[in-house]
> 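Structure in structure tokens, see below.
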Protein chains: 2
Amino acid sequence: MPYGKCQGHGWWQGKFRGCGYRITAAREAVLNTLMLSEEKHMSAEEIYLSVHENNPAVGLTTIYRTLEILNDMGMVFKFDFGDGRARYELASGTDDENHHHHLVCTACKKIIDYKEFIDDELELLRKTEKGLSEKYNFTINTHLIQFYGLCEDCRDTR
Amino acid sequence: MPYGKCQGHGWWQGKFRGCGYRITAAREAVLNTLMLSEEKHMSAEEIYLSVHENNPAVGLTTIYRTLEILNDMGMVFKFDFGDGRARYELASGTDDENHHHHLVCTACKKIIDYKEFIDDELELLRKTEKGLSEKYNFTINTHLIQFYGLCEDCRDTR
DNA sequence: CTCCTTAATGAAAATCATTTTCAATAATAA
DNA sequence: TTATTATTGAAAATGATTTTCATTAAGGAG
Ligand SMILES: [Mn+2]
Ligand SMILES: [Mn+2]
Ligand SMILES: [Zn+2]
Ligand SMILES: [Zn+2]
């Protein structure tokens with residue numbers, strides 16, 4: 001459970017109100033599921049099934065709609081790891097200590113979070129972002145870094 | 001037209017034969033289209049339409065099948081830029097002078113190829129790849145780096 | 001060059017994640 | 001409490017990609 005960014009209850013309610021969104025049980029349930037799913041990179045349907053356990057009334061459509069809102073607000077990252085469905089992860093700010101990148105096994109689709117070289121990477125990213133935004137007049141908000149290859153298990157099976 | 005990696009004719013035919021694939025008009029047409037589409041990041045359907053001009057007999061299914069093969073062989077990169085369809089680009093080896101990364105405008109979906117900071121990035125990537133593959137016993141084949149934000153036009157429209 | 005095996009192909013149907021529609025419900029401002 | 005309107009669920013629609021299957025054509029053997 002990620003703490004520190006969630007002070008007590010309702011750390012997210014303010015953000016919702018600020019954007020003109022209403023506070024609903026479905027939205028709270030989605031956020032709760034995501035907070036408990038660190039490292040899991042859940043799909044919409046997986047989140048739906050999880051939410052469904054405590055809130056059987058919430059439909060899959062609402063899950064999709066909530067995830068889109070959360071993504072637009074920057075509270076959730078949406079990834080494409082190449083398995084045909086989007087996967088989601090609670091966003092920790094770019095400079096947060098939870099910031100990480102991914103190793104994707106192209107064989108079994110396993111995802112490994114890593115942050116061992118994040119410091120060097122982020123330093124370079126900052127430099128690159130600065131250069132790029134100047135040269136192309138482009139306002140950079142996020143970045144995506146993924147390494148693709150074969151995990152230990154899949155390599156051995158070759 | 002990318003030269004240097006295509007020596008005369010049929011630079012790709014050897015690769016095909018080596019993998020047990022047959023040489024067909026459809027496959028040649030797809031490769032030709034991709035070679036003439038630098039910086040365009042075409043979708044399967046766009047490639048289909050382009051191929052269709054000279055080869056009306058080639059169907060969309062074959063385009064998809066060919067692109068999958070090319071991607072498996074590492075001759076083509078497949079990207080998800082967030083507009084709901086896959087987009088393709090002829091691969092230049094990782095250390096090729098054509099290697100580049102992308103700037104993606106989340107508003108108008110425009111893609112900008114850049115390679116100005118590629119050298120520093122690649123140097124860091126090599127270091128990171130080495131560390132990661134050792135720590136996680138992961139064999140890294142490719143990487144993906146994209147920056148998301150607003151292009152000049154879309155930022156001004158705000 | 002001809003024949004043979006089987007990979008490759010096109011058209012149509014099937015998949016399936018995600019989106020849209022629309023009438024019913026519920027969050028919030030007054 | 002009431003009025004306003006965002007939110008919601010169910011069902012239908014969408015649309016990119018995949019699968020099926022009968023037909024065609026690469027390319028190796030002779
Ligand atoms: Mn992660
Ligand atoms: Mn490109
Ligand atoms: Zn694996
Ligand atoms: Zn733009």
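Order of the sequence lines fixes the chain letters, A, B, ..., with proteins taken first and strands second; residue numbering starts at 1 for each chain.
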> Got a sec? Which of residues 79-86 of chain A come in under 4.0 Å of DNA chain D, heavy atoms?
none
> Could you say whether Y21(A) or Y48(A) is positioned toward the 5' end of DNA chain D, judged by the nucleotide with the nearest heavy atom to each?
Y21(A)
> Got a sec? Which of residues 51-72 of chain A come in under 4.0 Å of DNA chain D, heavy atoms?
A57(A), V58(A), G59(A), T61(A), T62(A), R65(A)
> For DNA chain D, note the earliest and the latest nucleotide, 5' to 3', having some atom under 4.0 Å of a heavy atom belonging to chain B.
dA16(D) to dG27(D)
> Tell me, please, which residues at least two apart from L49(B) pass side chain to side chain contact (heavy atoms under 4.5 Å, CB included).
none
> For T106(A), check side chain to side chain contact (heavy atoms under 4.5 Å, CB included) against everything at least two apart and list the hits.
Y148(A), L150(A)
> Run the side-chain donor-acceptor check on residues 111-120 of chain A: report pairs under 3.5 Å with partners two or more places apart or on a different chain.
from    : atom 1 : to      : atom 2 : distance (Å)
D113(A) : OD1    : H41(A)  : NE2    : 2.9
D113(A) : OD1    : H102(A) : NE2    : 3.2
D113(A) : OD2    : H100(A) : NE2    : 3.2
Y114(A) : OH     : E121(A) : OE1    : 3.4
Y114(A) : OH     : E121(A) : OE2    : 2.8
K115(A) : NZ     : E97(A)  : O      : 3.2
E116(A) : OE1    : K135(B) : NZ     : 2.9
E116(A) : OE2    : Y136(B) : OH     : 2.4

> How many Å lie between CD on E28(A) and P on dA26(C), as a whole number?
17 Å
> Not counting sequence neighbours, list each pair that qualifies as a side-chain hydrogen bond (donor to acceptor under 3.5 Å, both in side chains) and has a residue in residues 14-25 of chain B.
none
> Can you list the residues that meet the side chain to side chain contact (heavy atoms under 4.5 Å, CB included) rule with S37(B), with sequence neighbours excluded?
L34(B), K40(B), M42(B)
> Measuring only between side-chain heavy atoms, which start at C-beta, is F147(A) closer than 4.5 Å to L125(B)?
yes
> Keeping the roles fixed (side chain from E46(B), backbone from S43(B)), state whether a donor-acceptor pair exists under 3.5 Å.
yes
> Could you check whether any side-chain heavy atom of L132(B) comes within less than 4.5 Å of a side-chain heavy atom of K130(B), counting everything from C-beta outward?
no
> Where each residue is assigned the nucleotide of DNA chain C containing its nearest heavy atom, which of A25(B) and A25(A) is assigned the position nearer the 5′ end?
A25(B)
> Tell me every residue that passes side-chain hydrogen bond (donor to acceptor under 3.5 Å, both in side chains) with T139(A), counting only those two or more places apart in sequence or in another chain.
R155(B)
> Ignoring hydrogens and angles, write down the donor-acceptor pairs under 3.5 Å from the side chains of residues 64-81 of chain B, residues two or more places apart or on other chains.
from   : atom 1 : to     : atom 2 : distance (Å)
T66(B) : OG1    : T62(B) : O      : 2.8
N71(B) : ND2    : V76(B) : O      : 2.8
D80(B) : OD1    : G82(B) : N      : 3.0

> Take H99(A) and H143(A) through the test ring pair (Phe, Tyr, Trp, His ring centres under 6.0 Å) and record every step on the way to the result.
CA-CA 11 Å; H99(A) 189 72; H143(A) 60 255; 5.1 Å; yes
> Give me the distances for all protein-to-nucleotides 1-5 of chain C N/O pairs that come in under 3.5 Å?
none

> List in chain and number order the residues that pass side-chain hydrogen bond (donor to acceptor under 3.5 Å, both in side chains) with S50(B), two or more places apart in sequence or in another chain; answer none if no residue qualifies.
T33(B)
> Would you check if N32(A) and E28(A) make a side-chain contact, meaning some heavy-atom pair closer than 4.5 Å?
yes
